[in-house]
There are 2 protein chains.
Amino acid sequence: MVTTPPDRPHDEDYLRLDLQLCFSLHAASRAFNGVYRTLLKDLGLTYPQYLVMLTLWEHGELPVKSIGEKLRLDSGTLSPLLKRLESAGFVERHRSKADERSVSIRLTEQGTALREHALTVPHHIARAVNLPPEDFHTLRTLLATLTEGLDAAQGPMATGTDEAACAEG
Amino acid sequence: MVTTPPDRPHDEDYLRLDLQLCFSLHAASRAFNGVYRTLLKDLGLTYPQYLVMLTLWEHGELPVKSIGEKLRLDSGTLSPLLKRLESAGFVERHRSKADERSVSIRLTEQGTALREHALTVPHHIARAVNLPPEDFHTLRTLLATLTEGLDAAQGPMATGTDEAACAEG
DNA sequence: CACAATTAAGTTGTGCACAACTAAATGGCG
DNA sequence: CGCCATTTAGTTGTGCACAACTTAATTGTG
């Protein structure tokens with residue numbers, strides 16, 4: 001009763017294809033996360049915390065909202081994460097004088113210093129990834145296209161402002 | 001400890017590249033998850049639950065371990081997930097007679113019937129993704145290569161850190 | 001046969017993602 | 001000015017991922 005004669009490309013084949021892409025993306029994301037977890041353990045950072053630190057190292061002091069826009073994370077994720085970064089001693093939080101709704105995130109000395117240790121991370125990752133630069137670029141472009149399409153399909157873009165990362169040169 | 005490389009061709013650029021790939025993958029994964037979340041809401045499934053159901057629809061009754069191998073998920077993730085699928089009425093769990101350590105997961109009638117509703121999901125996804133089949137294939141291949149490389153790098157792990165808990169086989 | 005090692009599933013604790021909500025500050029409008 | 005919608009963080013609750021651990025069944029070895 002399970003076997004269906006698929007003379008035409010039946011819906012069930014789409015389920016199979018769906019599983020393949022879902023799974024690939026899901027697995028790649030988790031594999032990535034796993035490698036970073038190992039590498040970042042010494043730094044005392046998780047993978048999302050590392051993304052936040054990378055953003056701060058690149059842009060300097062930022063309000064929570066800007067970090068959220070750049071990384072597409074909302075306050076429900078960022079608030080506790082930043083609190084943990086604060087208790088780890090890597091960042092400071094203080095209310096903006098100009099707009100007391102806003103909370104600005106600033107690197108501490110320790111947070112700034114951590115960057116030196118983080119510099120070795122990309123080397124390890126690059127070796128682990130082991131993709132030719134050209135594939136690397138293709139992958140990143142495809143992922144960006146995919147995300148764009150999915151975001152558009154998901155809902156009419158709430159924010160379109162500054163539009164952070166992924167402006168590769 | 002880390003030996004500092006004598007010459008360094010702008011480590012900071014690597015941090016930027018790292019952020020770009022991390023972010024692309026992370027964002028794509030979450031965007032994907034978001035679209036599925038919306039589509040699967042009607043079915044009463046989450047994205048990982050959908051992956052499990054796809055696996056069961058394709059392979060029929062499976063022990064927890066096999067599901068874990070196919071989806072690269074461990075019991076810590078699967079046990080509660082399957083318990084939720086059970087209380088939703090989509091699967092049944094029962095101990096194997098042959099090996100009482102093993103728990104076999106079987107679709108209920110309701111779980112089997114759900115497949116009919118799920119058949120529309122890939123259409124929506126395909127439209128949302130909106131990638132040419134060729135790009136689609138390239139993406140999947142690159143992701144698989146990436147995962148393979150990362151998984152390989154994860155196991156043997158030869159970083160110069162103080163990690164000494166390496167099981168060999 | 002007894003007993004240690006292995007295997008399968010489950011449990012606990014931490015952290016992230018996200019929906020839905022609250023609280024406080026700001027800005028617009030009559 | 002007072003009032004209300006909006007904006008910005010933060011909070012709560014659910015679910016997933018994963019490390020570390022526990023429990024029970026099976027296997028291997030003496």
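Note on naming: letters A, B, ... go to the chains in the order of the sequence lines (proteins, then strands), and numbering restarts at 1 for each one. Quick caveat, the model's predicted, so the values are computed rather than measured.
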Note: contacts of residues 37-54 of chain B with DNA chain D (heavy atom, under 4.0 Å) are B:Thr46, B:Pro48, B:Gln49
Contact residues, residues 93-108 of chain B to DNA chain D [heavy atom, < 4.0 Å]: B:Ala98, B:Asp99, B:Glu100, B:Arg101
Got a sec, which residues hit salt bridge (Lys or Arg N to Asp or Glu O under 4.0 Å) with B:Glu100, two or more places apart in sequence or on another chain? none
Taking only residues two or more places apart in sequence or in another chain, which ones pass salt bridge (Lys or Arg N to Asp or Glu O under 4.0 Å) with A:Glu58? B:Arg16
Is it the case that over 12 heavy atoms from other parts of the model lie below 6.0 angstrom from the CD atom of B:Glu148? no
To the nearest Å, give me how far apart [atom1] ([X]) and [atom2] ([N]) are.
X       : N      : atom1 : atom2 : result
A:Leu85 : D:dG10 : CG    : P     : 13 Å
B:Leu73 : D:dG15 : CG    : P     : 17 Å
B:Asp74 : D:dT22 : CG    : P     : 17 Å
A:Leu81 : D:dT11 : CG    : P     : 14 Å

Heavy-atom pair of closest approach, residues A:Cys22 and B:Tyr50: SG-CE2, 4.4 Å
Going by the rule side chain to side chain donor-acceptor pair (under 3.5 Å), which residues pair with A:Tyr47 if we only count those two or more places apart in sequence or in a different chain? none
For DNA chain D, whose closest nucleotide is more 5', that of A:Leu78 or that of A:Asn33? A:Leu78
With DNA chain D as reference, determine whether A:His26 or A:Gly76 sits nearer its 5' end, using the nearest nucleotide of each. A:Gly76
Any donor-acceptor pair under 3.5 Å from B:Ser96 side chain to B:Val103 backbone: no
Give a yes or no on whether the backbone of A:Leu78 and the side-chain of A:Ser75 come within a donor-acceptor separation of less than 3.5 Å. no
A:Phe136: partners by ring-ring contact (aromatic ring centres under 6.0 Å, His included), with sequence neighbours left out: none
Which of C:dA9, D:dA9, D:dC18 is nearest the side chain of B:Lys65? It is C:dA9
Considering the options B:Leu107, B:Ile105, B:Val52, B:Leu56, which one meets the side chain to side chain contact (heavy atoms under 4.5 Å, CB included) requirement together with B:Leu62? B:Leu56
Taking 4.0 Å as the cut-off, does a side-chain nitrogen or oxygen of B:Ser75 come that near to OP1 or OP2 on C:dA9? no
Ignoring backbone atoms, establish whether B:Lys83 has a side-chain N or O less than 4.0 Å from OP1 or OP2 of C:dA9. no
